[in-house]
Structures are given as structure tokens and as C-alpha cells.
Asks: 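The structure's right below; bear with me while I get my questions together.
Every number for a ligand or one of its atoms is a count from 1 in the order of the listing. All values below were derived from every heavy atom in this structure, side-chain atoms included, with hydrogens, water molecules and symmetry-related copies excluded.
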Amino acid sequence: MIQSVETHATIAEAQRAMGADAIYMAGGTLVMRDVNAGVTATRIVRSSDPVLADIRLSGDGVTIGAGVTMAMIAVHRDLTFLAPVARSVGGPQIRNMATVGGNLFAPHPYGDFAVAMLALGARVSVAGQSAAPRPIADVLRERGRIGLVASVQVPRPQAPADFGFLKASRIKPKGVSVLSIAAYLPRQGGRIRGARVAFGAMGPMPLQASAVERVLDGQSLDAATITRAAQVAVEGLDPPTDPLATTWYRREVAGVHLKRLLERMARG
Ligand SMILES: Cc1cc2nc3c(=O)[nH]c(=O)nc-3n(C[C@H](O)[C@H](O)[C@H](O)COP(=O)(O)OP(=O)(O)OC[C@H]3O[C@@H](n4cnc5c(N)ncnc54)[C@H](O)[C@@H]3O)c2cc1C
């Protein structure tokens with residue numbers, strides 16, 4: 001039973017107010033479900049820090065406040081590369097509430113936006129810490145212990161075709177992921193330099209597809225390379241069985257969807 005809801009003026013104060021009896025609530029699309037089911041902490045901690053709603057461009061990157069919603073991203077003129085990712089999260093009501101910060105902590109099979117952040121190599125600023133922003137892969141691995149996220153710093157692809165996202169779901173257009181894939185393939189002289197590919201719903205959290213990255217790196221995105229990448233799609237991934245799909249099914253279709261995404265990116 002919830003006994004208090006506290007709103008703090010800064011995210012650092014909210015961080016200090018956390019404890020074993022508290023849960024932080026952003027958009028509340030998941031937290032409120034637990035509140036209504038009576039299965040959450042006794043204190044809800046919130047923050048009205050304006051930094052959380054900030055979208056700030058800097059050089060070839062952008063800093064996105066943890067409280068920025070999917071709806072805000074979907075219409076931002078400088079974040080068109082992320083718009084398809086934001087639009088893939090739930091329906092319009094969910095997107096109006098669902099935040100970037102909450103998506104990093106959303107359990108399987110959720111976390112489509114986090115998949116894109118992982119592929120882009122985003123870095124995460126944790127509330128109340130002056131240390132350099134942390135790689136998102138670390139944050140996703142340690143998400144029970146990391147503390148509150150203040151913002152994410154995201155590189156902006158130089159060419160639109162360098163970044164691609166695909167979500168496979170059973171219900172169109174707003175179903176939950178059977179799997180999602182994001183690929184960031186910066187190219188120099190036609191060759192991929194520093195490939196990053198991430199899968200969602202193919203493990204307990206969004207996971208990088210290291211075998212795929214190794215196949216793609218240094219290559220041009222041609223038919224032979226795409227076929228080889230698809231062949232190693234599930235290497236190192238550990239898809240669960242859930243009501244949407246079995247482990248077997250996810251493993252069978254991962255390469256097919258990766259091939260489709262890479263072919264789309266090759267066409268530009
Ligand atoms: C009907 C429905 C459909 C959905 N469809 C999708 C979908 O298609 N794709 C998808 O990815 N997700 C989906 N979701 C899940 C969810 O809506 C999103 O993942 C959303 O981004 C979560 O954000 P939120 O702000 O609502 O999180 P909240 O519910 O507020 O919080 C979720 C978790 O994140 C933690 N948290 C929130 N903000 C922070 C922060 N700044 N720092 C540290 N911890 C934080 C909370 O403590 C909590 O543990 C769906 C949910 C519902 C109910």
C-alpha cells in the first residue's frame with residue numbers, strides 16, 4: 001500500500017530520498033500498474049527537475065533528459081533518426097507518458113528505446129554523481145543498483161542511413177516486441193567503421209550482438225556481408241520464452257529480421 005508520494009525539486013534530491021521502501025516514478029506506465037496491483041514499494045519518489053525534460057544539442061551529439069517522453073522525441077525536428085524508435089513504443093497514450101529513463105529500466109520484452117541507445121553507444125549521467133557519464137551497456141547490466149538516471153548522451157548519426165531500427169511484433173502497429181533490432185553502421189569510403197548492433201527481447205536486457213558487429217566491421221554493406229551477419233545473428237544471445245514467442249521461434253527469426261534491416265539500410 002502506498003503511504004506517500006514525494007516530489008523533489010532536483011533529481012539529486014530525489015536520489016538522496018530513495019531507500020529500500022521507495023520506488024522512483026517517471027511516466028508511471030509500469031510503476032502505476034504495480035501500484036494498482038498493490039505490489040510495489042510504500043513510498044513513491046518523483047522529481048520536477050527541469051533538466052529531466054531537456055533536449056540539448058551539442059556538436060554531433062544530443063543530451064536527452066531522462067524524463068523526456070516518447071511523444072516529445074517523435075516530433076523533435078533534430079531527432080528524426082529516433083522518431084521511428086519512439087513511435088514503436090506502445091500506443092499514443094503510452095507514448096505521452098513513457099520516458100527515456102523508464103525505458104532503460106523496463107523489463108523484458110520492453111525496452112525498445114534502450115535497444116536504440118545501446119546500438120548508438122549512448123552514455124548515461126547518473127543523478128548526484130560528478131563522474132563521467134557511464135556507457136549504457138554497464139547501466140543496463142547493473143540496472144538494479146545504478147541509482148537514478150538524469151540524462152543520456154547520444155551520438156547523432158552523420159548520415160540518416162547509418163542508423164536503422166526494426167521491431168517485430170504480433171499486433172500492428174503497437175504490439176510488444178517479439179524482438180527489436182537497432183544498428184549503427186557509420187561508413188567511411190563505403191566501409192563500415194565501428195559497427196554497433198543491439199537486440200531487444202533476446203535476453204534479460206537489451207544485448208549487443210558482438211558476433212554480428214565483428215562480421216560487419218570493415219566491410220561494405222553488400223549482399224554477401226549481410227548474409228554472413230544474419231548467419232551469426234543469435235550468437236551470444238539468450239532469448240527467453242514468453243507468451244509472445246518461444247526461445248526457438250526467436251532464434252529462428254532473428255537472422256531473418258536482421259537481414260531485412262540491413263538490406264533496408266544498404267538501400268539507403
Ligand atoms: C500497454 C503498454 C504498452 C507498452 N508498450 C511498450 C513498447 O512497445 N515498447 C517498450 O519499450 N515499452 C513498452 N511499454 C513499457 C513502458 O511503457 C515503457 O518502457 C516506458 O518507456 C517506461 O517509462 P515510464 O516513464 O512510464 O516508466 P515508469 O513506469 O515510471 O518506471 C519504470 C521503471 O523505471 C524506473 N525509472 C524510471 N525513470 C527512472 C530514472 N530516471 N532513473 C532510474 N530509474 C527510473 C522506475 O523506478 C521503474 O522501475 C508498454 C507499457 C504498457 C503499459
Side-chain angles (χ1 to χ4, degrees), residues 2 5-8 10-15 17-37 39-41 43-49 51-54 64-74 82 84-118 124-129 133-134 136 139-140 142-152 165-182 198-201 205-206 244:
I2 294 298
V5 179
E6 308 156 16
T7 303
H8 296 270
T10 69
I11 187 74
E13 283 170 25
Q15 173 66 65
M18 292 298 289
D21 61 339
I23 182 137
Y24 182 76
M25 184 165 90
T29 54
L30 295 173
V31 169
M32 278 313 293
R33 236 169 33 172
D34 290 347
V35 169
N36 292 333
V39 293
T40 194
R43 285 194 302 128
I44 289 184
V45 174
R46 309 210 64 200
S47 174
S48 56
D49 196 330
V51 161
L52 294 173
D54 228 26
I64 305 176
V68 169
T69 64
M70 297 300 143
M72 288 163 73
I73 287 176
L82 288 175
V85 187
R87 283 198 202 102
S88 82
V89 174
Q93 296 93 331
I94 291 289
R95 290 196 287 276
N96 278 336
M97 306 295 289
T99 64
V100 168
N103 205 265
L104 302 185
F105 294 85
H108 169 89
Y110 299 138
D112 297 317
F113 199 81
V115 174
M117 295 295 95
L118 183 58
V124 175
S125 292
V126 177
Q129 288 185 10
R134 302 190 53 183
I136 186 157
V139 172
L140 292 171
E142 298 170 24
R143 51 188 177 177
R145 294 164 274 146
I146 193 83
L148 299 183
V149 168
S151 61
V152 288
F165 175 78
L166 175 152
K167 172 168 165 174
S169 60
R170 294 196 186 276
I171 303 166
K172 306 278 189 252
K174 56 175 186 165
V176 174
S177 280
V178 168
L179 60 82
S180 57
I181 315 172
F199 275 90
M205 68 197 85
L244 293 164

Asks: To the nearest 0.1 Å, how far is atom 13 (C) of ligand 1 from its closest protein heavy atom, and which atom is that?
Replies: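 Ranking protein heavy atoms by distance from atom 13 (C) of ligand 1, first comes Tyr110 CD2, 3.2 Å.
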Asks: Should you measure from each heavy atom of Gly90, which atoms of ligand 1 turn up under 4.0 Å away?
Replies: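 Every atom of ligand 1 under 4.0 Å from some heavy atom of Gly90: 5 (N), 6 (C), 7 (C), 8 (O).
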Asks: Nearest to atom 39 (C) of ligand 1, what protein heavy atom do you find, and at what distance?
Replies: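 The closest heavy atom on the protein side is Tyr24 CD2, 3.5 Å.
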Asks: If you measure every N or O of Ala26 against every N or O of ligand 1, does any of those distances drop under 3.5 Å?
Replies: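 Between Ala26 and ligand 1, an N or O pair is found under 3.5 Å apart.
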Asks: Where the side chain of Lys167 meets the backbone of Ser88, is there a donor-acceptor pair that is under 3.5 Å apart?
Replies: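 Checking the backbone N and O of Ser88 against the side chain of Lys167, a donor-acceptor pair under 3.5 Å is found.
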Asks: To the nearest 0.1 Å, how far is atom 27 (O) of ligand 1 from its closest protein heavy atom, and which atom is that?
Replies: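 Residue, atom and distance for the closest contact: Gly102 CA, 3.5 Å.
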Asks: Report, in ascending order of atom number, the atoms of ligand 1 lying under 4.0 Å from any heavy atom of Gly147.
Replies: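 Once the distances to Gly147 are compared, the set is 43 (C).
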Asks: Who's the nearest protein heavy-atom neighbour of atom 2 (C) of ligand 1, and how far?
Replies: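 The closest heavy atom on the protein side is Ile94 CD1, 3.6 Å.
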Asks: To which protein heavy atom is atom 9 (N) of ligand 1 closest, and what is the distance rounded to 0.1 Å?
Replies: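 The answer is Asp112 OD2, 2.7 Å.
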Asks: Taking only heavy atoms of Ser88 into account, list the atoms of ligand 1 that are under 4.0 Å away from them.
Replies: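 Checking each atom against Ser88, I get 8 (O).
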Asks: Below 4.0 angstrom from a heavy atom of Gly111, which ligand 1 atoms are there? Numbered from 1 as shown, please.
Replies: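 Close to Gly111: 10 (C), 11 (O).
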Asks: Roughly how far apart are Ile11 CD1 and Ser48 OG, rounded to 0.5 Å?
Replies: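 Reported value, rounded in 0.5 Å steps: 10.0 Å.
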Asks: Of the non-hydrogen atoms in Gly111 and Pro206, which two are nearest, and what is the gap between them?
Replies: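 Between these two residues, the closest heavy atoms are O-CG, 4.1 Å.
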Asks: State whether the shortest distance between N or O atoms of Lys174 and N or O atoms of ligand 1 falls below 3.5 angstrom.
Replies: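 Looking only at distances, the answer is no, because the N/O contact criterion of under 3.5 Å is not met.
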Asks: If you have a sec, work out which protein heavy atom is nearest atom 34 (O) of ligand 1 and how many Å separate them, to one decimal?
Replies: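 Atom 34 (O) of ligand 1 sits closest to the protein heavy atom Phe105 CB, 3.2 Å.
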Asks: For atom 28 (P) of ligand 1, what is the closest protein heavy atom, and at what distance to 0.1 Å?
Replies: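 Looking at atom 28 (P) of ligand 1, the protein heavy atom closest to it is Gly28 N, 3.5 Å.
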Asks: Considering distance alone, does some N or O of Met25 sit under 3.5 Å from an N or O of ligand 1?
Replies: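 No, Met25 has no N/O under 3.5 Å of an N/O on ligand 1.
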Asks: Heavy-atom contacts under 4.0 Å between Lys167 and ligand 1: side chain, backbone, both, or neither?
Replies: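 The part of Lys167 near ligand 1 is the side chain, not the backbone.
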Asks: Among all the protein's non-hydrogen atoms, which is closest to atom 41 (N) of ligand 1, and how far away is it?
Replies: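 Nearest neighbour among protein heavy atoms for atom 41 (N) of ligand 1, to 0.1 Å: Val149 O, 3.0 Å.
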Asks: At under 4.0 Å between heavy atoms, which part of Ser169 makes contact with ligand 1: side chain, backbone, both or neither?
Replies: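 Neither; nothing of Ser169 gets under 4.0 Å from ligand 1.
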Asks: Which distance, rounded to the nearest 0.5 Å, do you find between the CZ of Arg95 and the CD1 of Ile73?
Replies: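 Spacing of CZ (Arg95) from CD1 (Ile73) equals 12.0 Å.
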Asks: At their closest point, which heavy atom of Ala66 faces which heavy atom of Val149, and how far apart are they?
Replies: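 Nearest pair, atom of Ala66 first, then Val149: CB-O, 3.2 Å.
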Asks: Could you verify whether a donor N or O on one side chain and an acceptor N or O on the other, from Asp112 and Ser177, lie under 3.5 Å apart?
Replies: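 Yes, a side-chain donor-acceptor pair sits under 3.5 Å.
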Asks: May I ask you to identify, for Ile23, whether its side chain, its backbone, both or neither come under 4.0 Å of ligand 1 on a heavy-atom basis?
Replies: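 Answer for Ile23: side chain.
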Asks: Any carboxylate oxygen within less than 4.0 angstrom of a Lys/Arg side-chain nitrogen, looking at Glu6 and Arg43?
Replies: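 The answer is yes: the pair qualifies as a salt bridge.
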Asks: Pick whichever of Val68, Asn103, Ile11 has a heavy atom sitting closest to atom 18 (C) of ligand 1.
Replies: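 Residue with the shortest heavy-atom distance to the ligand atom: Asn103.
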Asks: Which of the numbered atoms in ligand 1 are under 4.0 angstrom from any heavy atom belonging to Thr99?
Replies: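 In order of numbering, the contacting atoms are 21 (O), 23 (O), 24 (P), 25 (O).
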Asks: Against heavy atoms of Ala106, which atoms of ligand 1 measure under 4.0 Å?
Replies: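 Matching atoms, with element in brackets: 19 (O).
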